[in-house]
Structures are given as C-alpha cells and as structure tokens.
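Predicted model only: the values in this text are computed from it and were never measured. Positions are given from 1, in the same order as the sequence printed here.
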Amino acid sequence: MLRPLPPSVPATRAGLHRVAAHVLARRRQLYTGLIGLRPSPGGVTTPAFGDDVETLRTSGAILVVERAGITNRVPLTTLAEAADLAGVDLGVEFSVGERTPAVGDPHGDLGIDDVAARGLGDWWGFGLQVLDELTAIEPAVTASEAPQLWPEHFDLACVVTVAGDGGQDRGWKVNLGASVGDGFEPLPYLYVGPWGADRPGDGTYWNAPFGAVLRHADLAGLPDDEQRPAAVAFLRAGVRRFVPG
C-alpha cells in the first residue's frame with residue numbers, strides 16, 4: 001500500500017515526465033497516432049502496439065523495451081540514451097498538448113531516483129484501483145471513459161457522467177484522477193474536477209481552484225486497510241454532490 005514518499009519526488013517526476021512524453025508517447029504516436037499511456041508496476045507503460053507487439057515501460061529508474069519477443073533495458077540516465085533504445089528521434093518536433101515538457105538537454109542527467117519513481121508508479125496503480133472501484137459500484141456514475149495516463153499533464157484520469165441516462169450527452173461531467181504533482185501541488189494527490197462552475201454541497205469539500213483534492217500524504221498516514229476505502233469515499237463524495245435531490 002501507500003508509503004511516505006522521498007524528497008526526490010519533484011525532480012524524479014520532472015525527469016519521468018520527459019521520458020513519458022518524448023520517448024513512450026512519441027514512439028506510440030509514431031505507429032498508432034495515439035499518445036495515451038497506462039500505469040504499470042513501478043512506473044508507466046504504453047499499450048502493446050505494432051506488428052512486433054511492442055511495449056515501452058519504465059520500471060523505477062530503468063526503461064524497458066519489449067519488441068518481437070526480445071527485451072532490452074537501459075538505465076534512465078539521459079533522454080538521449082532512452083530515445084536511442086526506443087528508436088525515436090528527439091530532433092523531430094513533437095507535442096502531447098499545451099503542457100508538453102521541454103526536451104531539454106538530451107545528454108543531461110534526468111535526475112530520476114529509483115525509489116521515488118517506484119513510489120509514483122505505486123500511486124498511479126493505486127489511483128487506477130480506486131477509479132475502477134468508484135466507476136464500477138457507484139450508481140451516480142452513469143457513464144465513464146477508460147482511465148488513461150496522459151503524458152501532457154502526467155496524471156491518470158477519466159471523465160465520468162454523473163446522474164445521466166447512460167449516454168455522454170446528458171448529466172454532469174466530472175474529471176476524476178490521480179496526479180503525481182504539478183504547479184498547484186508539488187506532491188501526488190487525487191482530485192475531483194467538475195467541468196462547470198457549480199460546486200454543490202458543503203463548501204469545505206471544494207478545497208482547490210479546480211475542484212477538490214485528497215493528498216497522498218493524508219492517505220499514506222492511514223493504516224493500510226483504510227487507504228483505499230478513504231480514497232473511494234473522497235471520490236464518491238464529489239460525484240454524489242451532483243445527484244439531483
């Protein structure tokens with residue numbers, strides 16, 4: 001379960017973000033036109049793609065490339081080394097959205113700490129579990145996208161429809177996700193982000209400019225058997241505020 005994170009998390013997050021965008025997403029986009037990623041043990045992965053059934057994934061501070069039944073690895077020391085193993089050209093212009101991280105110095109140290117990287121991987125995995133549970137059992141959620149780890153914002157997220165008729169055109173739209181930190185909050189957090197301006201119910205729940213957050217540190221301080229129920233309860237409290245009556 002969740003454990004306190006080391007102080008190297010912000011630097012590690014920045015390095016992994018560059019790898020996710022400019023190596024994993026870039027390689028997947030080259031073959032499929034898609035950029036979405038997924039959590040994997042110890043990090044982040046592409047879905048399998050291509051005729052060679054290829055995947056690229058991080059495992060702590062290591063990049064693993066599986067292609068045509070062969071596995072190769074390289075330490076995540078520089079972006080240039082990772083790109084070389086992956087088979088991507090960092091000189092080609094590439095974007096995953098407005099917040100695409102800069103390529104930066106491809107030969108500079110990425111600053112990725114193995115313990116911190118695995119802690120972020122654990123967080124994404126935890127986020128996937130609680131999003132899956134919430135969308136599967138909460139009657140107020142009448143439709144849901146599949147969660148994806150987006151390389152632009154570097155968060156695991158999905159859009160749900162609350163109190164709709166099962167389609168995507170009615171009901172309230174709410175973003176649910178697990179962020180590994182950003183300009184708002186440097187450390188990981190869960191969030192509920194309504195699309196509109198309405199913030200129904202008790203105003204103390206809405207503790208962020210974009211909605212509501214529950215921080216990793218608050219969950220990691222709980223006993224193991226209370227962490228996931230507390231996370232699901234936080235998400236449920238958000239979506240239920242949009243149920244009429």
> Is it the case that Thr100 and Ser95 place a side-chain donor and acceptor less than 3.5 Å from each other?
Replying inline: yes
> Is there a path from Val64 to Val44 through hydrophobic residues (I, L, V, M, F, W, Y) whose side chains come within less than 4.5 Å of each other?
Replying inline: no
>> Return the CG to CZ distance between Leu190 and Arg215, rounded to the nearest 0.5 Å.
In response: 11.5 Å
> What are the two closest heavy atoms between Val162 and Val243, and how far apart are they?
Replying inline: CG1-CG2, 4.3 Å
> Between Asp89 (side chain) and Gly91 (backbone), is there a donor-acceptor pair under 3.5 Å?
Replying inline: yes
>> For Phe126 and Leu219: C-alpha separation, side-chain torsions, deciding distance, then whether side chain to side chain contact (heavy atoms under 4.5 Å, CB included) applies.
In response: CA-CA 11 Å; Phe126 178 84; Leu219 289 167; 3.9 Å; yes
> How far does CG of Leu37 sit from CZ of Arg28, to the nearest 0.5 angstrom?
Replying inline: 7.5 Å
>> Looking at every heavy atom in both Gly60 and Ile112, which two are closest together, and how far apart are they?
In response: O-CG2, 4.4 Å
>> How about OH on Tyr31, more than 12 heavy atoms from neighbouring residues, nucleotides or ligands closer than 6.0 Å, or not?
In response: no
> In terms of side-chain geometry, is the basic nitrogen of Asp114 or Arg118 positioned less than 4.0 Å from the acidic oxygen of its partner?
Replying inline: yes
> How close do Gly238 and Val192 get, heavy atom to heavy atom, and via which atoms?
Replying inline: CA-CG1, 4.2 Å
> Donor-acceptor pair, Arg27 side chain versus Gly87 backbone, under 3.5 Å?
Replying inline: yes
> About how many Å separate CG of Leu16 and OG1 of Thr58, when rounded to the nearest 0.5 Å?
Replying inline: 5.5 Å
>> Is the shortest side-chain heavy-atom distance between Asp52 and Arg67 below 4.5 Å?
In response: yes
>> Determine whether a donor-acceptor pair (N or O, by modelled atom type, separation under 3.5 Å) exists between the side chain of Gln227 and the backbone of Leu2.
In response: yes
> Same hydrophobic cluster for Val141 and Leu214, using side-chain heavy-atom links shorter than 4.5 Å among ILVMFWY?
Replying inline: yes
>> Walk me through whether Leu85 and Asn72 qualify under side chain to side chain contact (heavy atoms under 4.5 Å, CB included).
In response: CA-CA 8 Å; Leu85 180 64; Asn72 289 287; 3.7 Å; yes
> So how far is it from Leu56 CG to Ser40 OG, rounded to the nearest 0.5 Å?
Replying inline: 11.0 Å
> Does Ile137 CD1 have over 12 foreign heavy atoms under 6.0 Å away?
Replying inline: yes
>> Check whether Gln29 reaches the backbone of Ile35 with its side chain - one donor and one acceptor, N or O, closer than 3.5 Å.
In response: no
> Between Trp150 and Asp155, does any side-chain donor sit less than 3.5 Å from a side-chain acceptor?
Replying inline: no
> Got a second to check how far Leu128's CG is from Arg38's CZ, nearest 0.5 Å?
Replying inline: 9.5 Å
> Is there a path of hydrophobic side-chain contacts, each under 4.5 Å between heavy atoms of I, L, V, M, F, W or Y residues, that connects Tyr191 with Trp124?
Replying inline: no
>> Donor-acceptor check, side chain of His22 to backbone of Pro101, threshold 3.5 angstrom: yes or no?
In response: yes
> What distance do His153 atom NE2 and His17 atom NE2 have between them, rounded to the nearest 0.5 Å?
Replying inline: 8.5 Å
> Quick one: does Glu54's side chain have a donor or acceptor within less than 3.5 Å of a partner on Val65's backbone?
Replying inline: no
> Where the side chain of Arg241 meets the backbone of Ala237, is there a donor-acceptor pair that is under 3.5 Å apart?
Replying inline: yes
>> Would the distance check show the side chain of Arg228 and the main-chain N or O of Met1 forming a donor-acceptor pair, the cut-off being under 3.5 Å?
In response: no
>> Tell me whether Phe49 shares a hydrophobic cluster with Leu149, the cluster being built from Ile, Leu, Val, Met, Phe, Trp, Tyr side chains joined at under 4.5 Å.
In response: yes
>> Would you say Tyr189 and Asp182 are linked by a side-chain donor-acceptor pair, where the criterion is simply a distance under 3.5 Å?
In response: yes
> Do Leu156 and Pro39 touch side chain to side chain, with heavy atoms closer than 4.5 Å?
Replying inline: yes
> Below 4.5 Å, heavy atoms only, C-beta onward: do Thr135 and Val160 meet side chain to side chain?
Replying inline: yes
> Does the side chain of Phe184 come within less than 4.5 Å of Ser179's, by heavy atoms?
Replying inline: no
> Shortest non-hydrogen contact from Leu131 to Leu176?
Replying inline: CD2-CB, 3.6 Å
> Do Arg26 and Val103 have side-chain heavy atoms sitting under 4.5 Å apart?
Replying inline: yes
> Ser59 side chain to Ile62 main-chain N or O, any donor-acceptor pair under 3.5 Å?
Replying inline: no
> Quick one: are Trp123 and Leu5 in side-chain contact, heavy atoms under 4.5 Å?
Replying inline: no
> Do the side chain of Thr161 and the main chain of Thr142 share a donor and acceptor less than 3.5 angstrom apart?
Replying inline: no
>> Regarding Arg3 and Asp224, does a basic nitrogen lie under 4.0 Å from an acidic carboxylate oxygen?
In response: yes
> Which pair of heavy atoms, one from Asp198 and one from Trp172, lies closest together, and at what distance?
Replying inline: OD2-CH2, 3.0 Å
> Going through the checks in order, is the side chain to side chain contact (heavy atoms under 4.5 Å, CB included) test met by Val130 and Phe234?
Replying inline: CA-CA 10 Å; Val130 298; Phe234 164 75; over 6 Å; no
> Can the positive tip of Arg13 be found less than 6.0 Å from the middle of the six-membered ring of Phe154, inside 45° of the ring normal?
Replying inline: no
> Looking only at heavy atoms, which two atoms of Ala61 and Ala117 are closest? And how far apart?
Replying inline: N-CB, 4.4 Å
> Are Tyr205 and Val213 grouped together when hydrophobic residues (ILVMFWY) are joined by side-chain heavy atoms under 4.5 angstrom apart?
Replying inline: no
